[in-house]
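None of the values given here were measured: they were computed from a predicted structure. So you know, we letter chains A, B, ... as the sequences are listed, proteins then strands, and number each from 1.
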Amino acid sequence: MDNSTEITMNKFLAELETLKSRTGRLEDSRKDQLSIAIVSGDMDKILAAMIISLAAAAMDSHVKLFFSFWALSALRDPKKKAKGKDIVSKMFGMMLPKGRNKLKLSQMNMCGIGPKMIKILMKKQNVMSLDVMFQEAAALGVEITVCEMSMNLMGFKKEEMIDYPDLRYAGATTFVADAGESSMQWFI
Amino acid sequence: MLLPEIKQGGTNITNNTNNTTMTTDELRTLTVAKSVDARGTACPGPLLEAKKAIGTISSGDVMEILSADEGTKSDIPKWCNKQGHEYLGCVEENGYFKVYMRKK
């Protein structure tokens, strides 16, 4: 092999190495992970988020749910009470659904008749209840992050949130960071 | 050639769903190591039941999943495809069906 061919070959190999490291980075940057920002507190949307999360977790994808704004109602424990709230927080607390079983439907709510009908139908069709879905999610290691800012905004306190093994409190940056490394990023 | 093999995030590109190799008769004669009755639960219940049960059988064993949920017919092959299990086929019964798969 003469000198010039050797130089071209070395150049080629060096470029190949750069490409290899680039594709490696691309592969690593997207984990088999589902990140959902759940903002809606409607029963149907929480149901959809939980069903998809369970399916993803069953497929061995890592699932990270970021609960924010109206969705926080779904994480309230109706049996728990928080003290030391101001008037506005108390009002919010009274007006918003107390827990996942008190959520409204986004359509056909009909003053609470809609959700009752849906629950009857779900039972009849053997669809898991939200209670069971949260249990399954916990068993499958689905992570729930509560948006601390919107929790304070709505006047909720940590003491009134549900008992859940993988419950953490964080800000929007955490969601952005998690979503950035996920292969699926959604907003509900 | 020098081209490196490109991995597709661990998933197999060939789709097992469309080339079911076993006939109904062959499926019925399989020795089943584990039978999961998920007829009492709708989507995504059968998949969750299957996931729980797969840990209890050994590699190469056949598992059948009984489901009344139509979605399971396409969900289980997708799951097998991703996890590397072998999807064997589906048998229609009266009001439900049996999905067969072999653990990798």
Side-chain angles (χ1 to χ4, degrees), chain A residues 8-34 47-63 118 121-130 132-142 181-184, chain B residues 1-13 15-17 36-57 59 63 65-87 95-97 99 101 103-104:
Chain A
T8 347
M9 193 67 194
N10 281 343
K11 233 177 158 180
F12 177 71
L13 284 175
E15 270 181 29
L16 197 66
E17 275 310 308
T18 331
L19 270 173
K20 262 188 194 168
S21 71
R22 275 191 191 166
T23 46
R25 267 209 302 280
L26 268 175
E27 277 173 11
D28 295 343
S29 67
R30 287 296 178 92
K31 286 190 204 162
D32 181 9
Q33 183 169 289
L34 167 67
L47 268 173
M50 291 311 288
I51 291 172
I52 294 167
S53 300
L54 287 179
M59 299 268 278
D60 279 348
S61 296
H62 201 80
V63 182
I118 289 280
L121 282 174
M122 279 166 68
K123 213 170 191 175
K124 209 174 148 195
Q125 301 279 335
N126 291 321
V127 178
M128 283 181 253
S129 68
L130 267 179
V132 179
M133 282 188 201
F134 270 84
Q135 274 171 28
E136 292 281 351
L140 286 164
V142 171
E181 59 182 31
S182 298
S183 49
M184 300 168 271
Chain B
M1 270 295 283
L2 280 164
L3 289 173
E5 197 181 310
I6 299 164
K7 275 188 273 171
Q8 291 279 336
T11 45
N12 195 350
I13 312 165
N15 193 356
N16 291 343
T17 324
V36 181
D37 191 349
R39 283 174 291 178
T41 170
C43 175
L47 190 64
L48 294 179
E49 302 271 335
K51 185 190 156 58
K52 279 177 202 159
I54 196 83
T56 65
I57 63 169
S59 177
M63 182 164 88
I65 300 122
L66 277 58
S67 175
D69 181 71
E70 283 284 325
T72 312
K73 273 198 276 192
S74 64
D75 283 4
I76 297 287
K78 289 263 188 322
W79 176 62
C80 289
N81 198 24
K82 189 183 174 198
Q83 309 295 66
H85 305 308
E86 189 188 351
Y87 171 69
Y96 67 99
F97 44 86
V99 183
M101 55 162 296
K103 189 177 176 176
K104 70 161 175 189

Exercise for the section: Taking all non-hydrogen atoms of both residues into account, name the closest pair between A:M59 and B:Q83 and its distance. Expected result: O-OE1, 3.6 Å
Problem - Side chain / backbone / both / neither for A:Q125 at chain B, heavy atoms under 4.5 Å - result: backbone
Practice task
Using side chain to side chain contact (heavy atoms under 4.5 Å, CB included) as the criterion, point out the one residue from A:L54, A:I52, A:V127 that pairs with B:P44.
Solution key: A:L54
Handout entry: Region of A:A57 in contact with chain B, defined by heavy-atom distances below 4.5 Å
Key = backbone
Practice task
Count the heavy atoms belonging to other residues, nucleotides or ligands that lie under 6.0 Å from NZ of A:K123, then report whether that count exceeds 12.
Solution key: no
Exercise for the section: Might you point out which heavy atoms bring B:L48 and A:A58 nearest each other, and give the distance in Å? Expected result: CD2-CB, 3.7 Å
Completion exercise
Heavy atoms of B:K82 and A:S61 approach each other most closely as NZ-OG, 3.0 Å
Practice task
Please report the closest heavy-atom contact between B:R39 and A:N126, naming both atoms and the distance.
Solution key: O-ND2, 4.0 Å
